[in-house]
Amino acid sequence: MGSSVSHAAAPPPTAVGLAVALPPKQDEKAEPKNVDWLNLPCPVPFEEIQREASMSLKPELFEGLKFDFTKGLNQRFSLSHSIFMGSMELPSQSSDTFKVPTAHYEFGANFLDPKLMLVGRVLTDGRLNARVKCDLTDNLTLKINAQLTNEPHFSQGMFNFDYKGTDYRTQFQIGNNAFYGANYIQSISPHLSLGTEIFWLGHQRKSGIGFAARYNTDKIVATGQVASTGTVALSYVQKVSEKVSLASDFMYNHLTQDVTSSFGYDYILRQCRLRGKLDSNGVVAAFLEERLNMGVNFILSAEVDHRKKDYKFGFGMTVGE
Amino acid sequence: MASKVSLKGKRKAGKGSKGPGERSACKCKCVKEWSTWAMKKAKVITHYGFIPLIIVIGMNSEPKPQLYQLLSPV
């Protein structure tokens with residue numbers, strides 16, 4: 001009773017705008033939480049350790065026209081048709097960019113069950129993208145990811161076995177070209193989790209080990225990753241409000257002496273989602289998804305590379321869920 | 001002479017020890033060839049059959065969709 005009177009008597013008069021945007025913090029700070037060290041939360045999977053930063057800073061930018069149509073036949077089964085007409089960039093050694101005009105139609109089928117997920121996409125040139133996720137038991141999950149092509153020796157496949165414990169996760173990977181990998185992530189405290197990964201490439205006789213750490217609270221997510229391949233990746237995401245989050249990313253590769261740092265924003269508004277980023281390589285990008293109607297989304301993508309003088313603009317529409 | 005005899009003895013001993021070794025090397029080769037053949041066949045089967053498999057599983061899930069829904073855009 002006394003505490004409610006004091007709250008009613010003391011709202012800050014100058015911060016009305018912020019008080020509307022941010023949720024009230026009084027209840028959280030009233031009692032210090034007792035940490036139950038035996039019941040720590042389960043950490044995020046190792047490959048998703050930088051999930052928030054990747055979602056904000058790496059949207060799927062494209063150049064050209066993109067049209068996606070998803071038709072649901074069932075609650076679990078749906079077919080998708082997708083058309084893309086635009087330029088794809090070929091990797092080149094020199095600073096010139098080689099763009100090849102491409103157009104393809106992609107047919108896809110999805111079956112989404114809580115226990116079994118099957119996603120397949122086939123393109124007009126015969127390439128197949130297949131993803132399977134199967135819950136073998138409550139804690140053990142099998143994931144298969146494959147890209148099959150008609151050309152020999154270009155196909156890729158990866159099998160992942162994930163085991164989820166009470167406060168840890170572990171994963172074992174087998175891929176083509178004799179790739180074997182394993183990773184393990186453990187919650188150390190309610191906010192901090194540490195992980196490690198190790199991989200071995202059979203055909204090239206390369207192996208590597210890496211370490212990662214993730215600190216997250218309701219408002220911030222900070223991650224760091226170090227690998228024996230000579231890469232250091234740090235990221236920091238701050239959730240400024242329910243609708244706005246800001247992200248920044250730093251990547252350093254010791255072997256190629258490559259340093260990249262980027263800053264980005266992510267606005268999740270009622271009718272649209274706008275993401276933008278600015279890079280130390282001189283790249284400015286933005287990605288807008290606007291909800292025109294129930295199930296109809298309009299997409300605009302722009303990426304301007306000032307250093308290479310490469311300008312990419314794309315637009316598209318997504319119909320269906 | 002003694003050296004020739006000892007050389008012959010060594011060669012025989014070498015061949016003898018290679019016998020079971022050769023057989024196990026041949027087994028490994030056979031296993032590798034068969035697994036490569038199996039992977040190639042599995043790749044072709046997956047390439048052609050994965051999407052039809054999803055469609056068959058989806059058409060048999062509850063509630064069963066009708067066949068015309070597969071083809072019509074509505």
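First the proteins, then the strands, lettered A, B, ... as listed; each starts at 1.
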Is it the case that more than 12 heavy atoms not belonging to [X] sit under 6.0 Å from its [atom1] atom?
| X | atom1 | value |
| --- | --- | --- |
| F172(A) | CZ | yes |
| K40(B) | NZ | no |
| F298(A) | CZ | yes |
| E60(A) | CD | no |
| F107(A) | CZ | yes |
| L67(B) | CG | no |
| R51(A) | CZ | yes |
| Q75(A) | CD | no |

Criterion side-chain contact (heavy atoms from CB on, under 4.5 Å) on I54(B) and F77(A), from CA distance to verdict: CA-CA 9 Å; I54(B) 302 181; F77(A) 178 50; 4.3 Å; yes
Between [X] and [Y], is there a donor-acceptor pair closer than 3.5 Å when you use the side chain of the first and the backbone of the second?
| X | Y | value |
| --- | --- | --- |
| K71(A) | Q69(B) | yes |
| H47(B) | G126(A) | yes |
| K43(B) | S155(A) | no |

Close contacts, residues 128-140 of chain A versus chain B, judged by heavy atoms under 4.5 Å: L128(A), A130(A), R131(A), V132(A)
For chain A, the option from I57(B), I51(B), T46(B) that forms the most heavy-atom pairs under 4.5 Å: I51(B)
Among the listed options Q66(B), M39(B), E62(B), the residue most often paired with chain A at heavy-atom distances under 4.5 Å: E62(B)
Region of L70(B) that comes under 4.5 Å of a non-hydrogen atom in chain A: both
Heavy-atom contact with chain A under 4.5 Å, split by part of M59(B): both
Structural part of N150(A) lying under 4.5 Å from a heavy atom of chain B: both
Closest heavy-atom pair and its distance - A109(A), I55(B): CB-CG1, 4.4 Å
Minimal non-hydrogen separation, G120(A) against F50(B), with atom names: CA-CE2, 3.8 Å
Among N74(A), V122(A), L118(A), residue most engaged with chain B (heavy-atom pairs, under 4.5 Å): N74(A)
